[in-house]
*Asks:* 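Handing you a structure now.
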There are 2 protein chains.
Amino acid sequence: MDEKIRVGIVGYGNLGRGVEHAIAQNADMTLVAAFTRRDPGSVKTLNASLPVHALADIADFQNDIDVLVLCGGSKNDLPEQGPALAALFNTVDSYDTHAKIPEYFDVVNKAAESGGNTALISVGWDPGLFSLNRLFGEAVLQQGATYTFWGKGLSQGHSDAVRRVQGVKAAVQYTIPVADAVEQVRSGSLPSLSTRQKHTRDCYVVLETGADAAQVEQAIVTMPDYFADYDTTVSFISEEELKREHGAMPHGGFVIRSGKTGQGSTQVMEYSLKLDSNPEFTSSVLVAYARAAFRLNRQGQSGAKTVFDIAPGLLSPKTPAQLRKELL
Amino acid sequence: MDEKIRVGIVGYGNLGRGVEHAIAQNADMTLVAAFTRRDPGSVKTLNASLPVHALADIADFQNDIDVLVLCGGSKNDLPEQGPALAALFNTVDSYDTHAKIPEYFDVVNKAAESGGNTALISVGWDPGLFSLNRLFGEAVLQQGATYTFWGKGLSQGHSDAVRRVQGVKAAVQYTIPVADAVEQVRSGSLPSLSTRQKHTRDCYVVLETGADAAQVEQAIVTMPDYFADYDTTVSFISEEELKREHGAMPHGGFVIRSGKTGQGSTQVMEYSLKLDSNPEFTSSVLVAYARAAFRLNRQGQSGAKTVFDIAPGLLSPKTPAQLRKELL
């Protein structure tokens, strides 16, 4: 067996913890250290003996790490860390601000090329595995339509939006695909579906003492971009119930491509995920793509890449001959 | 726009006809000719003006064709045509004798390398898109199990086996996944399932005049490899009913990967196809991979490849920048 792929984690929250778990499941990888902007002594890793270093010192570890998994957020962390770290290391990240991916790609690409590194951006399940299925769907069925449904799942962005409403002490938001819409799509009938027809949104809210429930509800359901275009349900619950019933981070969804071939045969391709833990799954995808980043860099292919650029065989610890024999 | 990719079809049956249909849906491709071992004058193509040539003359067309789609069968045609044509052209085929893929890969690889050509083997949905999902499943969820279900669908191999039984005039066989088994797998309970528990087989048989129905049924349900390990139902129908009700070639199935991450979170990945026309869908996959074969060859990557070796972006007519903007 070759030497193990040496991985570093940047940012140790839910995603970083998931990466630590996932690397323990991959025999060809070893976790070298975690890096944090916080006080390294305050970070509690799963394996207490995992070294935790200040992110400021990361350049000292260029000879010790083959690939970094960037576990920061897309809003504040990655726009800065992505290019800065791609100049020094091979990287994988889960940048998920869809509209800004082209410009993020460009800055990371420039940085990665300058350092001769390979940087895989926007890896996870959406963007990521769902993107791949959107691509496979339209490449194979040129005449048709692609539908993406999310949920049932906890949306961090929408939960944060609810928490910013005045009078809200704590909250979670679940995105729920409309079952009837999914069935219409699966039937191959190529329906036109509005935003409201595809998903509903359920909010569970703990009020601040003295807050006006009706006012809070109104502020949520009319919030532009986040809720105004959806049928939104707001339930008020106690802080205890929130902790007891809403601590998990399930998610998932569907990508469905429906198209016509020949004289009008209906063909339906569907990809779906049902995840007990969104961050643990995303972490597992990141770790598989970390293997690909390392291998691509060994092949001399530097610069920024996305899941579209990665031959799937690079994700597996198995050899090409094994894959052909066992999985083809 | 670049010049169109010039495609040739080898073997004009259901699959070849599907390729002709599919190329008409792909604006960046043009169909140059079909090649046949039959009398070219006897082949009725969809577009009557498509040139049909004798396969024996195909070497004369090396300068006119960028990639050949091989539409012959895995049993008799491809073992010979695959390597012979990969020595002369870029090729894509749907070789589907799973157990013999490694040796087929080796002979095609040698031939393709000798000619500086790129040969994609075993492309379609199984092997093909299902294989990819088996790979993604185990690469992402290292701890878990993968389940493949086929159907409901018409199986050519099993239909042929029924037709070989003495007293059978005509027949079709449908493979049907057991709904309860699929649900168990979807639940993430990681069940152990025997062959009998996963699929049932339904045969619709037209008897020869004077044949003994009980004898025919017994010969079918006890047939080793094909039926003995399954719960098989045999229905006797008239030739008219067979033509009226069983002329289509629907198929499909499911690849489900269920695994555990973190402290035991259950994660389920599912890929499914529901196809009105199996050959038309397989043809559409072949045509998308023909684009990849052409592009890989332009990049100087010759030899035999499988779906595991193909970066998904190569399948799409869109540019990498378009894909990042529109589909990521």
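Heavy atoms only: backbone and side chains are in, while hydrogens, waters and symmetry mates are out. Residue numbers begin at 1 in each chain, while the letters A, B, ... track the order of the sequences.
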*Asks:* Pick one of side chain, backbone, both or neither for B:K260, based on which atoms fall under 4.5 Å of a heavy atom in chain A.
*Replies:* backbone
*Asks:* With side-chain hydrogen bond (donor to acceptor under 3.5 Å, both in side chains) as the criterion, how do B:S302 and B:E113 come out once you've worked through the C-alpha distance, each side chain's angles and the decisive distance to 0.1 Å?
*Replies:* CA-CA 6 Å; B:S302 60; B:E113 285 189 337; 5.5 Å; no
*Asks:* Whether B:K100 and B:D106 form a salt bridge (side-chain N of Lys/Arg under 4.0 Å from carboxylate O of Asp/Glu) is what I want to check.
*Replies:* no
*Asks:* Does anything in residues 286-294 of chain B reach chain A? List residues with heavy atoms under 4.5 Å apart, or say none.
*Replies:* B:A288, B:Y289, B:R291
*Asks:* Which residue is it: A:F130, A:F254, A:W125? I am looking for the one with a side-chain contact (heavy atoms from CB on, under 4.5 Å) to A:Y271.
*Replies:* A:F130
*Asks:* With only heavy atoms counted, which part of A:F281 is less than 4.5 Å from chain B, the side chain, the backbone, both or neither?
*Replies:* both
*Asks:* What is the distance from atom CG of B:L50 to atom OG1 of B:T45, rounded to the nearest 0.5 Å?
*Replies:* 5.0 Å
*Asks:* Got a donor-acceptor contact below 3.5 angstrom from the A:S122 side chain to the A:Y95 backbone?
*Replies:* yes
*Asks:* So do the side chains of B:S131 and B:D126 get within less than 4.5 Å of each other, counting heavy atoms only?
*Replies:* yes
*Asks:* Looking only at non-hydrogen atoms, find the nearest pair between B:G259 and B:L141 and report the distance.
*Replies:* N-CD1, 3.8 Å
*Asks:* What part of B:V255 gets within 4.5 angstrom of chain A, counting heavy atoms only: side chain, backbone, both, or neither?
*Replies:* neither
*Asks:* Within the distance-only criterion (no hydrogens, no angle test), does the side chain of B:T146 pair as donor or acceptor with the backbone N or O of B:R134 below 3.5 angstrom?
*Replies:* no
*Asks:* For chain A, which of B:V307, B:I101, B:T266 has the most heavy-atom pairs under 4.5 Å?
*Replies:* B:T266
*Asks:* For a quick test of reading the model, state the closest non-hydrogen atom pair linking B:A248 to B:L154 and the distance between them.
*Replies:* O-CD2, 4.0 Å
*Asks:* Against chain A, work out which of B:M269, B:E138, B:E280, B:R186 has the most heavy-atom pairs shorter than 4.5 Å and name it.
*Replies:* B:E280
*Asks:* Please identify, among B:G188, B:P127, B:P102, B:P312, the residue contributing the most non-hydrogen atom pairs under 4.5 Å to chain A.
*Replies:* B:P312
*Asks:* Which atoms of B:T282 come close to chain A, meaning under 4.5 Å heavy atom to heavy atom: side chain ones, backbone ones, both, or neither?
*Replies:* neither
*Asks:* Let me know if B:L273 has heavy atoms under 4.5 Å from chain A in its side chain, its backbone, both or neither.
*Replies:* both
*Asks:* Name, in order of residue number, those residues of residues 313-328 of chain B that have a heavy atom at a distance of less than 4.5 Å from a heavy atom in chain A; otherwise write 'none'.
*Replies:* B:G313, B:L315, B:S316, B:P317, B:K318, B:L323, B:R324, B:K325, B:L327, B:L328
*Asks:* Strictly distance-based, threshold 3.5 Å: is any side-chain N or O of A:N26 a donor or acceptor partner for the main-chain N or O of A:D28?
*Replies:* no
*Asks:* Using the side-chain hydrogen bond (donor to acceptor under 3.5 Å, both in side chains) rule, take B:S265 and A:D276 through it: C-alpha gap first, then chi angles, then the decisive distance, then the call.
*Replies:* CA-CA 5 Å; B:S265 312; A:D276 269 5; 5.4 Å; no
*Asks:* Given 3.5 Å as the limit, does a donor-acceptor pair link the side chain of A:K305 with the main chain of A:A119, or not?
*Replies:* no
*Asks:* With only heavy atoms counted, which part of A:S272 is less than 4.5 Å from chain B, the side chain, the backbone, both or neither?
*Replies:* both
*Asks:* Which answer fits A:F136, side chain, backbone, both or neither, if we ask what part of it has an atom under 4.5 Å from a heavy atom of chain B?
*Replies:* side chain
*Asks:* Donor-acceptor check, side chain of B:T306 to backbone of B:F308, threshold 3.5 angstrom: yes or no?
*Replies:* yes
*Asks:* Using heavy-atom distances under 4.5 Å, tell me whether A:D96 contacts chain B through its side chain, its backbone, both, or neither.
*Replies:* neither
*Asks:* Are the side chain of A:S189 and the backbone of A:V185 linked by a donor-acceptor contact shorter than 3.5 Å?
*Replies:* no
*Asks:* For the side chain of A:T118 and the backbone of A:Q301, is there at least one donor-acceptor N/O pair under 3.5 Å apart?
*Replies:* yes
*Asks:* Any sub-3.5 Å donor-acceptor pair from A:Y104's side-chain atoms to A:S74's backbone N or O?
*Replies:* no
*Asks:* For A:I256, is it the side chain, the backbone, both, or neither that has a heavy atom closer than 4.5 Å to a heavy atom of chain B?
*Replies:* neither
*Asks:* Could you tell me which of B:H98, B:Q263, B:Q142, B:R257 has the largest number of non-hydrogen atom pairs under 4.5 Å with chain A?
*Replies:* B:Q142
*Asks:* Do the side chain of A:N133 and the main chain of A:E270 share a donor and acceptor less than 3.5 angstrom apart?
*Replies:* no
*Asks:* Nearest 0.5 angstrom please: B:N297 CG to B:T91 OG1, how far?
*Replies:* 10.0 Å
*Asks:* Partners of A:A111 by side-chain contact (heavy atoms from CB on, under 4.5 Å), sequence neighbours excluded?
*Replies:* A:P83, A:A86, A:A87
*Asks:* Tell me whether B:S187 contacts the main-chain N or O of B:Q184 through its side chain, where contact means a donor paired with an acceptor under 3.5 Å.
*Replies:* yes
*Asks:* As a quick check of understanding, evaluate side chain to side chain contact (heavy atoms under 4.5 Å, CB included) for B:T30 and B:I5, giving each step before the final call.
*Replies:* CA-CA 6 Å; B:T30 182; B:I5 301 171; over 6 Å; no
*Asks:* Mind ranking A:V140, A:I121, A:D309, A:T148 by heavy-atom pairs under 4.5 Å with chain B and telling me who comes out on top?
*Replies:* A:V140
*Asks:* Name the option with the most non-hydrogen atom pairs under 4.5 Å to chain A; the candidates are B:L135, B:V285, B:I310.
*Replies:* B:L135
*Asks:* Check whether B:S277 gets within reach of chain A through its side chain, its backbone, both or neither, counting any heavy atom under 4.5 Å.
*Replies:* both
*Asks:* With a strict 4.5 Å heavy-atom criterion, list every residue of residues 15-23 of chain A that contacts chain B, or say none.
*Replies:* A:H21
